[in-house]
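Inspection log for the structure reproduced underneath, given as structure tokens.
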There are 2 protein chains.
Amino acid sequence: MEFQVKFDINEKIFLRNPESSEVGKLMVKKSIDLIYDLGFEQFTFKKLALEINSTEATIYRYFENKHRLLLYILNWYWCYMEFLVTFKLENVVDKKERLKIIVHLLTHEFAESTNQFDYNKKLLNQIVIAESSKVYLVKEVTEINKNEVFKPYKDLCGKIAEVISAYNSKYKYPRSLSTTLIETSHHQQYFSVNLPKLTDVSSKNNSEFTNQFIEDFLFKILD
Amino acid sequence: MEFQVKFDINEKIFLRNPESSEVGKLMVKKSIDLIYDLGFEQFTFKKLALEINSTEATIYRYFENKHRLLLYILNWYWCYMEFLVTFKLENVVDKKERLKIIVHLLTHEFAESTNQFDYNKKLLNQIVIAESSKVYLVKEVTEINKNEVFKPYKDLCGKIAEVISAYNSKYKYPRSLSTTLIETSHHQQYFSVNLPKLTDVSSKNNSEFTNQFIEDFLFKILD
DNA sequence: TATTTATAATAGTATTACTATCATTAAAAA
DNA sequence: TTTTTAATGATAGTAATACTATTATAAATA
């Protein structure tokens, strides 16, 4: 069984809903490939337009700028991640097991879907690791936060915080720990590949390393 | 007693050593003010040139681009931080106390120096929190890492890792924990001010909050 | 005094990050 | 079926960015 999930992305993020047209869908899908290939700094609407055989003007009708497009992609990711967490935790009663599942989700690549219209989840994952902080580490953060564009991140954080609190109700910082889990899993994955001396990774499987590091530290904190 | 510290910054980072001339020193000092004011994305050499009554061309003789200038500033910061850690740990024998001093340093603003030629440490601190990840979260990271431009960060990480290992020699991930301390202190400070719902901060003093969160989590991991 | 070196002043280019206009086409409404 | 509308593509244009190059001048050094 294959299935696709759709999310209602906050309308403040786009000028026109990319889900409402073929070019729109294509530009989001291709932007994931292109941001992965070029990095966010080198990524431009001109290059994306070329890639989808369209024009800059068309893309500008959907997104105010490339920062908004990245925000759109990340909103989709955060929604997807919350969905995945909910899905994978279904019927799992053991509270420790629930946390382990979350850590595994945060530290491993997504399964690639066979559906050609789906986003490439492997690349999406890499974009989240390398580029996600660039959407909030900007001067205008307070201004753009007013439109609730970070709600899916906060919701994901809230959901993980609940599982943390269910495991140990006395722990005082469930939300901070939750964001730390998320951000640290990105950092450690990035560092273990690109700047390994900043980690304790030993050669091989860095997803597995990150998983172990985070699981170890999570249960030491909560037990 | 007032004193100034100088560091030998890796020569691969600049084209001409900004320490070797007055304009050079001025451009680094002013760039800290300007990056703080505008954010790294809006910061340009043109604006900096205007600020120091010089020209773009002059700045380009010192730094290849603004990314390199940021890297220079962060190298200075990492060196300074390692110096501060060394200085503050001098004669402190108690291993727990040594870790507490490090966490305090990572989570609190620097004292502002009265010397007008010094960098503004308060702003520098804010730049490190909001902009530092932008120097390594780039496509060319492997290429630029070859010139050892991240050595001061790795050294700082190594120094903290030593203190961690001295406290608990059995802990398996001293380096990863060390980078996690550093990066998490940035995140939590940034989030507690700008996106507080991603944390457990309660109104007031966010430096104190971050300090408590990190200290709590550090000793739960190591004890 | 001659020579080197750094800087300021100036000019110029390619690219980026947009905005605006208009003709064409496809879809929706009348 | 015709009319209206909405979206797109094609094209043009602008201000700002991220540079590179040239030259005159001033300061430092030999």
Side-chain angles (χ1 to χ4, degrees), chain A residues 9 11-31 34-35 37-73 131 134-135 137-140 143-144, chain B residues 11-31 34-73 131 134-135 137-140 143-144:
Chain A
I9 305 296
E11 306 211 335
K12 296 284 173 68
I13 293 174
F14 47 75
L15 301 170
R16 178 170 309 178
N17 193 337
E19 279 298 309
S20 70
S21 76
E22 292 308 310
V23 240
K25 283 182 231 170
L26 188 63
M27 75 180 65
V28 175
K29 181 178 160 52
K30 284 283 180 183
S31 72
L34 210 52
I35 292 173
D37 283 339
L38 305 173
F40 188 62
E41 286 74 22
Q42 302 307 313
F43 168 80
T44 67
F45 278 1
K46 182 134 219 160
K47 290 170 185 169
L48 178 57
L50 205 76
E51 199 71 19
I52 62 173
N53 294 311
S54 179
T55 61
E56 267 185 289
T58 299
I59 300 170
Y60 275 109
R61 279 188 206 105
Y62 287 85
F63 295 100
E64 218 179 307
N65 52 47
K66 68 175 182 172
H67 182 268
R68 289 288 161 146
L69 176 50
L70 181 60
L71 192 54
Y72 181 92
I73 292 169
E131 321 285 3
K134 294 169 192 171
V135 301
L137 292 178
V138 291
K139 263 284 150 175
E140 327 87 77
E143 197 51 37
I144 61 177
Chain B
E11 306 212 335
K12 296 284 174 68
I13 293 173
F14 48 74
L15 300 171
R16 178 170 309 177
N17 193 337
E19 280 299 308
S20 69
S21 75
E22 291 308 311
V23 240
K25 282 183 232 171
L26 189 63
M27 74 179 66
V28 175
K29 181 176 161 51
K30 284 285 181 182
S31 72
L34 210 54
I35 291 173
Y36 173 79
D37 283 339
L38 304 174
F40 187 61
E41 286 73 23
Q42 302 308 314
F43 167 80
T44 67
F45 278 1
K46 182 135 218 158
K47 290 170 186 170
L48 178 57
L50 206 75
E51 198 72 18
I52 61 173
N53 294 311
S54 178
T55 61
E56 268 185 287
T58 300
I59 301 171
Y60 275 108
R61 277 189 213 101
Y62 287 84
F63 295 100
E64 217 180 309
N65 53 47
K66 67 175 183 173
H67 182 268
R68 288 288 159 148
L69 175 50
L70 181 60
L71 193 54
Y72 181 91
I73 292 169
E131 320 286 3
K134 294 169 191 170
V135 300
L137 292 178
V138 290
K139 262 284 149 176
E140 326 87 76
E143 197 51 38
I144 61 176

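Any value given below was found using the heavy atoms of this structure, including those in side chains, with hydrogens, waters and symmetry copies removed. Letters A, B, ... are given to chains in the order of the sequence lines, protein chains preceding strands, and every chain is numbered from 1.
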Using side chain to side chain contact (heavy atoms under 4.5 Å, CB included), reason through A:Ile52 and A:Lys29 one step at a time and then give a plain yes or no. CA-CA 10 Å; A:Ile52 62 173; A:Lys29 181 178 160 52; over 6 Å; no
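- Between A:Tyr62 and A:Ser21, the side chains place a donor N or O and an acceptor N or O closer than 3.5 Å (distance only, hydrogens not considered).
- Of the residues in residues 50-60 of chain A, those lying under 4.0 Å from DNA chain D by heavy-atom distance are A:Ser54, A:Thr55, A:Thr58.
- Counting to the nearest Å, the P atom of D:dA18 and the CG atom of B:Leu69 are 12 Å from each other.
- Contacts of A:Tyr62 with the nucleic acid, taken as non-hydrogen atoms under 4.0 Å apart, involve only primed sugar atoms and P, OP1 or OP2.
- At least one donor-acceptor pair under 3.5 Å links the side chain of B:Lys66 to the backbone N or O of B:Glu41.
- Nucleic acid contact for A:Glu41: none, since no nucleic acid atom lies under 4.0 Å from a heavy atom of the residue.
- For B:Tyr60, there are no side-chain hydrogen bond (donor to acceptor under 3.5 Å, both in side chains) partners, not counting sequence neighbours.
- Within the structure, every side-chain polar atom (N or O) of A:Arg61 is placed at least 4.0 Å from both OP1 and OP2 of C:dT19.
- A straight line from NZ of A:Lys25 to P of D:dA7 spans 15 Å, rounded to a whole angstrom.
- Along DNA chain D, the nucleotide nearest B:Phe43 and the nucleotide nearest A:Arg16 are compared for position; the residue whose nucleotide lies closer to the 5' end is A:Arg16.
- Pairing each heavy atom of B:Phe45 with each of B:Ile59, the nearest pair is O-CD1, 3.4 Å.
- Checked by atom type and distance alone, the side chain of A:Lys139 pairs as donor or acceptor with a backbone atom of B:Tyr36 at under 3.5 Å.
- At whole-Å resolution of the value, CG in A:Leu48 and C1' in C:dA17 are 14 Å apart.
- Counting non-hydrogen atoms under 4.0 angstrom, A:Lys46 reaches nothing in the nucleic acid.
- Of the side-chain N and O atoms in B:Thr44, none sit less than 4.0 angstrom from OP1 or OP2 of D:dA18.
- B:Leu15 places its CG atom 16 Å from the C1' atom of D:dA21, with the value rounded to the nearest Å.
- No donor-acceptor pair under 3.5 Å is formed between the side chain of B:Lys47 and the backbone N or O of B:Leu38.
- Rounded to a whole Å, the CD atom of A:Gln42 is 8 Å from the P atom of C:dT16.
- Whole-Å rounding puts the A:Glu64 CD to C:dT19 C1' distance at 13 Å.
- The CE-C1' distance, from A:Met27 to D:dA7, rounds to 11 Å in whole Å.
- With rounding to whole Å, B:Phe63 atom CZ is found 16 Å from D:dA18 atom C1'.
- At the phosphate of D:dT17, neither OP1 nor OP2 sits under 4.0 Å from any side-chain N or O atom of B:Lys66.
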